[in-house]
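Both ligands and their constituent atoms are indexed starting at 1 by order of listing. In this text, all values refer to a predicted model and were calculated from it rather than measured experimentally.
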Amino acid sequence: MPTNHSHTNPNDDRLPVVVLISGSGSNLQALIDTQSDTGIRIAAVISNKKGVPGLKRALQAGIPAEVLDHKNFDSREQFDQAMIKLIDSYNPKLVVLAGFMRILTPEFTRHYAQHLLNIHPSLLPKYKGLHTHKRALEAGDSEHGVTVHFVTSELDGGPPVIQARVPVHSDDTEQVLQKRVLEQEHLIYPVAVGWFASGRLRLEGNQALLDGAPLPAQGFQHTAVSTFDPPLE
Ligand code: GAR
């Protein structure tokens, strides 16, 4: 039996959330910094890679940080089963993927159905999978962006919740474009998580609803305010 880590305080109405990471954790940081606005309590951060900066961010914020290394498991199914046990020992009401770079088994996505969010650095349904910034540049796109979506068994295919768009400039490098998108990620992920925590956002069948009304097919369109790009003359 997994240890039960939850210290549920009946007077604490914040939504318990577990965040899964694989790397830098800048989105995790955005969620940590906005916890009091969004009404969540990050109960634990779990990484499939040891030593990544995101784990330090969690510890600095006093949040339990765990490592479950996928390399120690023979199969994806076994890893996901161990992950489910570990996550559930914290009794979360929402699981947030924040740069978690593992493909999930249907068992995992079914287990957390309606309670699993991901952020993907493209304007879904464009550019599912990896190297999204490079692909947008190579395609000569004039805009690019980021999508928060509910996770289903289809890779990067669950119903979008919110999107932010950024311009692509002719002299952009992959790195510059990634920074411009990341700035928007840090704004829209807390918005989506806050909606979920307050009960405004839910998934019904394959439709994301905000305040009971269906969201557009590409999600709510967030108006990007950028501090990264110089202001237009
Ligand atoms: C973010 O850009 C996130 O959108 C992306 O990984 C980065 C993680 O950054 N996620 C994916 O590509 C998932 N398919 P972070 O660790 O600094 O939050």
Side-chain angles (χ1 to χ4, degrees), residues 17-35 38 40 42 44-61 63 65-68 70 76 80 83 94-105 108-109 112 116-137 141 143-166 168 172-193 218-219 222 224 226 228:
V17 173
V18 168
V19 182
L20 306 189
I21 61 163
S22 301
S24 147
S26 70
N27 277 289
L28 164 67
Q29 191 67 56
L31 294 169
I32 290 172
D33 294 345
T34 52
Q35 279 184 104
T38 55
I40 67 164
I42 302 179
V45 171
I46 305 173
S47 171
N48 66 308
K49 284 191 181 170
K50 61 176 188 220
V52 295
L55 289 165
K56 211 167 155 193
R57 294 179 193 271
L59 291 174
Q60 271 165 1
I63 298 166
E66 306 247 21
V67 177
L68 196 66
H70 61 275
R76 203 177 280 286
D80 275 13
M83 201 56 151
L94 174 68
V95 177
V96 170
L97 308 177
F100 184 66
M101 304 305 279
R102 297 288 304 163
I103 291 175
L104 301 165
T105 57
F108 187 98
T109 55
Y112 296 109
L116 187 56
L117 289 175
N118 182 41
I119 191 158
H120 183 76
S122 78
L123 295 172
L124 289 172
K126 264 188 158 179
Y127 310 132
K128 296 175 179 180
L130 298 174
H131 311 301
T132 57
H133 309 303
K134 187 163 181 263
R135 287 155 72 197
L137 285 174
D141 291 354
E143 65 171 7
H144 183 45
V146 52
T147 309
V148 175
H149 64 98
F150 278 106
V151 177
T152 60
S153 58
E154 194 198 328
L155 178 71
D156 299 328
V161 171
I162 182 168
Q163 259 184 0
R165 290 164 189 269
V166 300
V168 180
D172 276 349
T173 60
E174 207 180 320
Q175 240 181 353
V176 165
L177 186 54
Q178 187 221 346
K179 267 196 176 172
R180 195 179 297 126
V181 170
L182 204 53
E183 186 189 25
Q184 297 304 315
E185 298 192 27
H186 301 160
L187 297 177
I188 69 168
Y189 219 176
V191 170
V193 166
Q218 283 194 273
H222 182 258
S226 174
F228 177 69

**Q.** Interatomic distance, Y189 atom OH to L117 atom CG [nearest 0.5 angstrom]
**A.** 5.5 Å

Q: Flag the pair D141 and R135 as a salt bridge only when some basic side-chain nitrogen lies within less than 4.0 angstrom of an acidic carboxylate oxygen.
A: no

Q: Step through the shown structure and confirm whether more than 12 heavy atoms of other residues, nucleotides or ligands are within 6.0 Å of NZ on K134.
A: no

Q | Under 4.0 Å from ligand 1, counting heavy atoms only: the protein residues, by chain and number | A | S24, G25, S26, N27, G99, M101, I119, H120, P121, L182, E185

**Q.** R102/D80 salt bridge by N-O under 4.0 Å criterion
**A.** no

**Q.** Separation of Q184 CD from Q163 CD (nearest 0.5 Å)
**A.** 12.0 Å

Q. Only one of L20, V96, V95 clears side chain to side chain contact (heavy atoms under 4.5 Å, CB included) with L116; which?
A. V95

